[in-house]
Structure formats: structure tokens, C-alpha cells
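Beneath this line is the structure, given in C-alpha cells, with notes to follow.
Each chain gets a letter, A, B and so on, in the order its sequence line appears, and its residues count up from 1. Values reported hereafter were calculated over all heavy atoms of this structure, with side chains retained and with hydrogens, waters and symmetry mates removed.
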Amino acid sequence: MKKLMLIFLTISIVLLTGCWDQKLLKDARLVYGSAFDLAEDGRIHTTAAIRTLQRIGPSGGGKPVNELVTAEGDTVRETRMKMDEKVSGTFSAEKNRIFLLGEDLAKQDIYSVFDILYRTPESNLSASVGIVNGKASDILKMSKKGETLISEYTYELIESAVQHTTVPHENIQSICTLMFDPGRDFVLPLLDKRDNEVAVDGVGLIHGRKYTGHKLSNEQAGLFLLLDDNYGKTARFVKKVNKGQKPDINNYVTVNVMNSKRKLDVQAKGRNVKVSIGLQLNLTVNEYPLDTLAKKTTIKDLDKKLSEKFTNEAKEVVSKLQEANCDALGIGRNLIAFHNETWKQLDWEKDYPTITIIPKIHVNILGSGIIQ
Amino acid sequence: MRKLLKRKSKKTTKSRPYFSHPENHEPVSTNMEENKRFVEEQLFHTSDLFHKELTFNGKKILLLYLRTLVDQEKLQNFVIRPINRTKAGELSETINSSEVINTSDLNEAIVGLMKGHCILISENSETIYIVSVIANKYRNIDQPVSEQIIRGSHEGFIESMLVNLYLIRKRVENRNLTIKYFTLGKATQTKVALVYVNNLANPEIIKEVEKRLNAIDTDSIQSPGFIEEYIEDSPYSPFPQLLNTERPDRTGGHLLEGRFAIVMEGSPTVLIAPITLFAFYQSPDDYNSRWYIGSFFRTVRLASFLISMGLPAIYISIVSFHFEVIPIDLIFQIKNSLENVPFPPLFEAIMMVIILELLREASIRLPPSIAQTIGVVGGLVIGTAVVEASLVSNTMIIVIALTAISSFVVPSNEMSTTIRLLSFPLMIGAATLGFFGIIFFLTLILMHLCKLKSFGTPYFAPFAPFNPEGIKDTFIRLPIWKMNKRPLDSRPQHLNRERFSRKWKKNDKETE
Amino acid sequence: MTKKRNKTITKLQAFFLIVQTQIGVGVLSLPFDVHKVAQKDGWISAFIAGIGVQLSIFLIWFLNKRFPSLHIFEINQKVLGKWVGSVTSLFYLVYYFGIFLLINLLATRIIKTWAFPHTPSWVFYLIFTFLITYICIETLRVIARFYVFVSLFIVLLIAISLTAYSLVDFRYIFPIGEAGISNILKGSKQVLLSMLGFEFLLFLYPFIEGDEKSILKTATLANVFVTVLYVFLIFTTLIFFTPTELNIVPEPLLYMLKSFHFRVLERYDLLFLSIWIVSVLTSLITYFYLTVKGMESFRKKRSNIPIYMLSILGYIILTFFPEDPFKLQRFSSFLTNLSYLFFCGFPLLLLIVSLLSKRKEGEGQA
């Protein structure tokens, strides 16, 4: 009898409990990419690319298409609410893989745009972030690039740029912790839309929670990432090492970074901060039409030329960072950790651009491909 | 008549069941005809009661037997012919049978008749001879259909207890192998044998099972399933607590691990206990092949346990609660197949499971040739049509099919059904609270497993209580020479079962 | 008066009984709570808390050593006499029941904020109560078996947390000791509260197989394990989050997992949360079990009816508890402050009284 009661109780519980938090995948309209822009009078303009399926057969299958929804509102949540009203089913941004920020909006405050993502438990914190030159919605409006949907295309674009050491591997969560860090800034991939092409256009330098408007080109960004000890899977550089050779192509060498070793040395005395970054690059030559690399002297010569070239460019990168007041190398964090007294005396906002940062790059060619 | 009345009054005072065999002594009368009449009355003049009059030592002898139970040839060769030929002497020596009992109790004689013996009533004698001339009508010793293996012994138990015991004895040629007979069921008088290895099996457990067997008070025992239900520890538990097997090698193995087996007359199924959950996932094949192959299949089988129990639940919870846990590309694949399905996932799943069980049930009952047709019609036609009609999604069909296949992997049929049944509450949990629903139900099952006992030994051993030694023969199957100890769960009297069998290897090295 | 008790659980089981009780609802918010006070030196606080717990374990051990076959409720009566002892036992009982309710409330709150915002709390209370009652009517041995098995999940929790190490910055914990000694000590108080559960030893002692020394060793090992685990978890979150961000993330462990994604699975926080529930459940079971045992110490006959009554009572209280987070916080800090009395105050008192009155078990028999 007791057991019977127990069974009865369990069954009734099961039947009584509804499904309060159920959200059926069937009804979800999954957003793949979102773009935020600054509209006039400071409002926020959101564009969302919902991936749907143009059905062909009766049993599943079909052609994926993008459905664009846009809305304008005072906050991001408001735009979302408006978009939800515009679509059938439930607007769900849980699987949003890429967030694009318009240049103007990024210059205002990145954190406040993303606050909704940080606050709601179901949001996807592993999504990628990019800043777009001009309006972010323009990219999503392209709808398709070749056969690929634009949102996926952009996501894959950034992913491959990460692999090629052109942009850093950042996601919504990782930039959040950096935005809160007084001793460290970061860079975000910059995307550019020209005609019907979307391309990575280097990285934009962020200071605090704002985009500074300064940027590094693709090549510089690669070097910066190496300086930041943030090597992806490959990194290639094309450098001009000779002059006046005919044809022009003979003036260049393409190198592939096999591995890199960085040494960040921060010295602080009183308010005086001196930073030296030593970078050892082990390269293989990918392309060098001018010469064979059989002789040791030729290689040594090339090593020297490249080291000089890289060091000069690194200096340029550093000065750009300082100009933008973007401490993306995390020198401030180093000071907090190891030179706390100095850090307390400094006003990092003001002092960072004035400190001395000396990069030194040493190149070592280890291979020349399958020919010499 | 007075005797009958007396018997009746006894019946009422002791409140014996209505057709129990009378245990009182019914003395043989010197009058042969009277004896015959009594037997006939007791058997209600059944038509298969035959009698034949013979003459021995110049006296009339009445031979009575049940035609249906007796082997005619044996009767002829062992009883009738010797009597006719010898004509005089000692009757029990004349009869050519190893089993001749004499009794002065008519009731015992009747019991003998029921067992396929013939009885000889002599004129003016108070002794009745009971001679065994039972017809041995067995089927061949075949490989059991429900427990087939690839390599190793292809013997299987049959419906005769004697043959089954013979098969066991042959496997365990040891003087410690003890067999105890029990007679269960007042009406059926089913013979049941309890088999164990005396110096291994825990005496407490044996005492316990004897107690439980003796407690059975019922009219009929039709199958070992009856015994199982009478003696198992927790009758409300979904898990089987005795292992059913038709394989002598499996039985022998378990006996040597200190367990006991219950063999029943008339059934090829043997019950083995005390048992753990993991024993249901062991197959003799594991020991017939090399150890890492055996281990691999063990792992596959245990994975099947998780899949068949959890997969539909996990799928349901993903599509109705937590679709964010799976990568986006996969989401779109699943979403596409779901798009036009009008039902909630739980309903979809239960519908598919029921269809599947229907197909399974149908194909069991039908002759093999038609069953195949059912398989094709059911599996292929319905499967495709159901998706075409958007009643069930593609992915759900995959999930349910996988679940079903995994459940059939279990070497034990009843465990396979248990697992499939247990997936239902998990599915309901998943449809109510997503992952949490699953976790709650799993915890409940886990708690239940920790509580559950098979004849006083923990069912979930060697995990709860945890015993690293026991893991060697559960998840995986380590080489036999590594399993030096018997499993702890059966609490055997001697733990060590293997010494240093590969010592030759050491010797080899020394000689080199 | 007391007959020799059966030593029913092994040392391994005792280890996991203590560990599983300790690891519970506090784990998720532990780094946040510690960081609030001790800043980046929170992991040192965890070490200090571990030492504090060890001292308390010594105290409990000394007390129990004098009464090797009695558990806390019986010691109360033995040392303080029938009446005072009963009152003390009653205090213990109410305290355990209070903790049981508190864990219920906190766990449900976290589940609701993280995964099931619309599901009413009573559903979770019901499920918890049902599961707990189901196992608490069993013997300690069955509970111990269950604990040992679910400890597999702890390994899983550690494995999941290890994935964070691809995205950390060790510089966040430097300079070491910046928070100052007093803040670190205050922080260790926070950790201590997450370590509650070791006082289970007060009850467990007479049931553990082995001599007194090995029992102490088991309890110490359990403490070391939990301390190291907590240090590891705090350390991981400290190097994952910027200190300033950690200030606004109350469940940093979950938050950290939320941002990971791999090819086959995303949203590790949901997985983590589902597994964590089992750890919470074990703590709940312990406290409910202790309450039940406390009640049984007042009655001679063993019966399941009071257990059912108790779970129904607990359920009713839970459903009527106000959903105001600040009230919950008050209840929480009240109980946790009170806990010092129970794992330190009373045992100390009992020890002193028993030393003074020279009361010891077995005197009558010897």
C-alpha cells in the first residue's frame, strides 16, 4: 500500500510538472551573426542574420538562407525585443557565433553593448567579435558571399585569420576580463567591406572599453601578435630585402615562422619604466627567387637583413600602440604583478605613452623548403 | 469410506490445500483387487492407467502403469520379459532395473505412478514394488537460441533436470559439487535442484536460499520465473536479481565463483544468484577470445548500457531545453529534420519506442519466415513513411534505432528489457527538466542500485562498495592470470582461485 | 549501558563521506566570496582555512577518542547528563536541519538563475526531498556506497576546470600577499564556511573501521583533499578573471566554463551544474541523515515514520520560505556564524567537561 502510494505520488508529480523552461529547438529562430551600429541620436541599431532553411524535399534537407532582421532601440535588449516581434517563433541568440560592432559604436563603449550577453545565462560567450570599418550592418546585408552565408563567412574569416596569426583569439568572455583589467588592453579584428568583398583589415586598438580608432595593418598585427607571444598556427611575412633587382619579385623574400620565443623584460626604478622585448624568430624561407641558400654566409646575410627589418617594423608597431594609448602587450599588468610600488606611483593613463619600449628581434633561418 | 472421512477431517483441521498429495500411510491390503480398486479410484479411473496380470512364483502379480509416462520398451525388457522368463525367485532381483523400491504404502505407489514408474502388486503380499521405467523424451542438447556465442561450448540446457545436472557435473568434476533436491508446488510437485560448490559457496547464503525455497507454499510452479519471484530480495525493483541462463559453461563459471544455481525440472533455464549488475554484461565469449578483445567488447557492452538508457533522454533534453550545448552546425542539421514535426519530442520518442516494441514483439511470436517480412515492412516501410509524413523526425529515428540496437547488445534478455523500460522515466525527466531531470532520475536509479541486494550481497559491486580488485572483470576483462581472486560479492569461502600460472616465464628467463 | 557498535564503514567510505559532505553548494561561489575579502590572495586563505579545519578535526578526534563507540548525540547525554545533554542534542539537531534547509534554498537559487528561471522552486524542493528521503531510510553503509560511487563526478569536475588553463594569465595573482594578513585571515573565514561538513566526523567516528590513529589519518586526508581542491579552484578562477571582473561574477566557476567551446560540446556550465547537483545532494543527504539520527537518539524504536514526517516538514518550510535573496543571505550568515559553535564550541565544551569530570567510555565495564 505504501509502495502504491509512492508510485502514485511519483506519477502525479511527473504529470503535474509542466515544462516551464522548455524552449523547443523547433520553434527557435537561431541567430548566427549580429551587427550593432550607432544610429542617430545615440540609439542602437541591431541587425541579426537568422539562418533558416529553404525547404526542397519533404524529409529534411534544403538550402540554408539568411533572413535579416533589423531593429532600433535605446538598448540592445530593446532591439532584441523588437526583433522578436518581427520573426515567427522565438528569436534566440544562444548560438550567435559572431558579433560585429560598427566603428562608431565601438568608439563609444564596447562593454555596455555586450552587457546583455554577460548578464543572461543562456548567451554564448564563446562568440567572436569584430569591428567593422563603417557600418557593421553593411556586411550582414550582403547576405551571401559566394555560396557561403555571410555570417558564416565572416566567422570563418576571423577564425582563419587567428590561425594565420593576423588577429588574436578573443571571444566575448576573454575581452570582458580584459576590459576590466587596468593593466592590460587588447586588440580586435577589423573587418572591411569593399565593393563585394569582405576582408580582415588588420586589428583595431582598444583602450579600456573603447576603440581608439587607431589600427595596425595585417602585417603589423602579425608582428604585434608575435611580440605578444600569441602565435597562431602559421605566420608568414613578405619582406623586401634587396634593391634594384630585376624583375622586381627578386627583391622579396617570403618567410614562414616556425616558432618564436619572446622575452618580456620590464625594469622599473621609481617612476621610470623601461621595457625591452626580445623576440627570437625561427623561420623557414618559403620563397626567395634571387638566390640559393646553400651557403652559410648567404643565410647569415639574410638573417641580418631580416632582423633589422623586423626590428624596425616592431618599433613602428610599438610606437603605434603607445600613440593609441593601448597597452595590448600587458606591460601594466606586469608592473602590477612584479613592480607594484612603481605601478602605484604611476598614472598609467598618462604615463604609458611616455615609457620606453625597445623591441629587438632576432631572426634565425632554419630551413629553405625542399630545395636549397 | 471411514478412511476417506478420516482423511477429510484431517484436511480440515490442518487446512491443507485441496489437492495436496496425502501424506498419510495407506497400508497395502492383502487383497490384490482391493489395491487395484484403490489405485483406480485415486486416479479417478483415468484411461491411461493400464494393467497387466503376470504370474510369478505361481502367484498372480498385477502390473500397473500409466501408459503415457512409461517407456514401453523398457517395461517390456526390464519388467515383463524377466518375470515371464524366470517364473520363480526373488522379484526384486528378477527385475532388470537399477531403481526398484518396495513399499507398503499405496499412496507412495501412486506418487510413483505419477512419476512414470510402474508398480507391481503381488497377490497376498503387503509389499508393492515400484520400478522406474520412465520414458526419456528429451530434445537434443542444442545451443540456446537466446544466448548464442561465436566460440566455445555450444551446449545448452534442455528441459530435463537430470540431463542439465549431468551437464553441470560434467563441467565441474569436483566432489564438492553439491546438489540438493526440493519439491515445490503442491499440485505440480516440481522437482527443483539447488546446486553449489560446497567448499566455495558461502554457507550463510546457502542457508538463506534453502530457507526461501522451503518457504514457497504454492500450488504450482510453472517456470523458473515463479521461483525467481518467490525468492528474490526486492520484488518491486526493476532490476533482475537472479541471472537466467541456458548455458552450462556460464553456470559452471558462476558456481566456481561461489554462487549457487537453481535447476528446475522441465525448464532449460537455470537461475544463478547472488549476482551483480555487471554479471548481466558478461558473456562466455569474453573468456573465449583473447583478453583485450574481450575487454573491448565489455566496454562496448557497457557503453550500450548507457546509450540505451540515456540516449533518447539526452536527445530530448537537448532539443527541448539545452540546444546550446551542441555545436551550431549540428544544430542546424537537427533543426532541419525537426522543422515540420508537429509533436513534442517526448511524444515523438515514445511513439517510436512503442512502434519498435510492437515490431519486436510481433517478430518473436511469428514463424521466422514471416518475421522477416515484418522486419522489412515495419523497419523500412514504416520508418521511411513516418519521416515522409513528418510524424517523426529523422534524428529521432536514428536515436531510437540506436537505443534499441544497444539494448539488444546485453547478453541477458531480461536485463535488456529492464534497460529499455528504464529509459522511459529518464525520457519523462528529460522532457520536464532537461539535463536536471535526467540527473535526478539517474541519481534515483543509482541510489536504488546502491540499496539493492541479491541474497544479502550488494548488487552494484564492485562499484558500490568499491573494490578495485573487482573492476578487473567488469568494465574490462583483464587476462585470466591477473584475476587471482574470486569476486567478493558472492562472499566465497576461499578467495584465491589462481596462483602463479605463468611461472614458466620466469623459469625460461633464468635458463637463458 | 552502550554495547559495542558495529564498525560498519571502511576508511575509504569514511573519506568520501566527509569529502562529499564538504563539497557542496559553496563551491560555485567560493572564489567570489573569498575574493571579495582577500582579493588575489584568496588561495592563501584556502590554505589557512585548511589548517583551521585540521585543528578542529584534532579537537573532534580528541573528544571522540574518549568515547570510541559513541556518536555525538550519545556523547552529549553521556557527558552532560540526560537533560542538559538532550538539550544540546536538540540544538545540534535543529542546527543540522537548518543547514539542510539552507543548502536546499541556495542550491535551488543557483539552479534557477543559471538554468531554469521559470520553473517554480517547489519542484526542486520536491525532487530533493524525495531523493533524500529515499536514501536516508537506509543504513549508513548504503549511503557510504552511494557517496563513494558519485565521487567519480569530482574527477569530472576537476577535469572540466582544467580546460580553463588554456586561457589564463598567471600575473593576476601577483604580487602575493598584497591584500594583507588580516584580509587573508578574513578570507579564510569565508573558505571555512565552504568547508563545513568535516564535523560529520563527530557522528561518523564510532562507525569507522580501524583504530583511532587511522581514523585521524582518514579525516586528515579528507581535509587535505578538500583544501587542495579548493585552492586549485580558487587559484584557477583567480588567474582566469581580472580581479575587477571577479568582483561582479558571483559564480565564477560556472561563468568561466560558459565561455569554453569545443567541437563536440559547448556550454560546459550546464554540464558542470548538472554534476554539481549530485555533490549538493550528498551534502543534503548528510545533514538530513544527521537530523534523522539526532531524532532517533531520543527514541528507542527505529521506524521510518519520523523520517517521512521530517521530510514533509522540511518541504513545507522550504515552500513557505520567502524568495527574497537578502533574507536568504541573512539566514545564511546567521547559520554559518552559528556553525562555529557546533564544530568548535560544543566539542570543546564537551571535551573540557569530560576531562574535568573524568568521564570516559567504558569505565563502567572496565
Side-chain angles (χ1 to χ4, degrees), chain B residues 234 236-237 276-277 310 313-314 317-318 320-331 425-426 428-453 456-471 474-475 488-489, chain C residues 8-10 12-13 15-16 107-108 111-112 114-116 118-119 123-124 126-128 130-139 141-153 257-258 261-282 284-285:
Chain B
S234 316
Y236 292 108
S237 166
T276 67
L277 176 72
I314 289 172
S317 66
I318 283 177
S320 49
F321 281 90
H322 313 291
F323 59 77
E324 56 271 41
V325 297
I326 46 174
I328 187 143
D329 297 321
L330 190 58
I331 281 201
L426 277 178
I428 293 168
T432 327
L433 279 173
F435 283 170
F436 286 74
I438 301 180
I439 283 284
F440 287 137
F441 265 109
L442 273 184
T443 319
L444 189 66
I445 292 172
L446 214 62
M447 283 175 175
H448 178 70
L449 281 175
C450 289
K451 277 177 153 189
L452 203 57
K453 281 176 175 174
T457 67
Y459 188 67
F460 201 36
F463 278 115
F466 183 69
N467 167 31
E469 186 72 20
I471 306 284
T474 48
F475 259 169
L488 268 181
D489 61 274
Chain C
T8 48
I9 56 173
T10 64
L12 183 84
Q13 286 172 333
F15 174 83
F16 283 114
T108 307
I111 299 172
K112 283 194 71 170
W114 275 87
F116 296 94
H118 305 296
T119 311
V123 178
F124 295 106
L126 197 65
I127 294 170
F128 284 145
F130 179 77
L131 288 178
I132 292 157
T133 316
Y134 181 70
I135 195 147
C136 277
I137 52 179
E138 285 299 319
T139 58
R141 201 191 284 194
V142 170
I143 295 175
R145 280 175 194 163
F146 175 70
Y147 278 29
V148 175
F149 185 79
V150 296
S151 296
L152 278 176
F153 290 145
L257 296 170
K258 199 160 122 60
H261 91 116
F262 295 95
R263 289 238 169 248
V264 277
L265 210 64
E266 290 173 21
R267 287 297 303 276
Y268 279 75
D269 54 322
L270 281 176
L271 199 69
F272 192 92
L273 210 57
S274 315
I275 296 170
W276 164 80
I277 278 296
V278 181
S279 275
V280 172
L281 210 58
T282 50
L284 281 172
I285 290 167

With only heavy atoms counted, which part of [X] is less than 4.5 Å from chain B, the side chain, the backbone, both or neither?
| X | result |
| --- | --- |
| S274(C) | both |
| L152(C) | neither |
| A144(C) | neither |
| F124(C) | side chain |

Measure the spacing between [atom1] of [X] and [atom2] of [Y] and express it to the nearest 0.5 Å.
| X | Y | atom1 | atom2 | result |
| --- | --- | --- | --- | --- |
| F146(C) | L449(B) | CZ | CG | 10.5 Å |
| L273(C) | I439(B) | CG | CD1 | 10.0 Å |
| Y459(B) | R145(C) | OH | CZ | 14.5 Å |

State, with a plain yes or no, whether a side-chain heavy atom of [X] is found less than 4.5 Å away from one of [Y].
| X | Y | answer |
| --- | --- | --- |
| H448(B) | I135(C) | no |
| I326(B) | E266(C) | no |
| V325(B) | L271(C) | no |
| T119(C) | T432(B) | no |
| M447(B) | I132(C) | no |

(request) Take F321(B) and F116(C) through the test side chain to side chain contact (heavy atoms under 4.5 Å, CB included) and record every step on the way to the result. (result) CA-CA 10 Å; F321(B) 281 90; F116(C) 296 94; 3.9 Å; yes
(request) Decide if atom NZ of K453(B) counts as having more than 12 heavy atoms of other residues, nucleotides or ligands within a radius under 6.0 Å. (result)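 No, NZ of K453(B) has 12 or fewer neighbouring heavy atoms, counting only those of other groups under 6.0 Å.
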(request) Report the residues that fulfil side chain to side chain contact (heavy atoms under 4.5 Å, CB included) with P425(B), sequence neighbours left out, ordered by chain and then residue number. (result)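 Partners of P425(B) by the side chain to side chain contact (heavy atoms under 4.5 Å, CB included) criterion, ordered by chain and then number, come out as F441(B).
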(request) Could you tell me which of L281(C), L131(C), V148(C) has the largest number of non-hydrogen atom pairs under 4.5 Å with chain B? (result)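 Among L281(C), L131(C), V148(C), the one with the most close pairs to chain B is L131(C).
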(message) Counting the benzene-type ring for Trp, do F149(C) and F460(B) have ring centres under 6.0 Å apart?
(response)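 Judged by ring-centre distance (under 6.0 Å), F149(C) and F460(B) do meet the cut-off.
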(message) Between F440(B) and F128(C), is the ring centroid distance below 6.0 Å?
(response)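 Yes, they do, as the ring centres are separated by less than 6.0 Å.
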(message) If we ignore hydrogens and angles and just use 3.5 Å, is the side chain of K451(B) paired with the main-chain N or O of I143(C) as donor and acceptor?
(response)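 No: the side chain of K451(B) does not pair with the backbone of I143(C).
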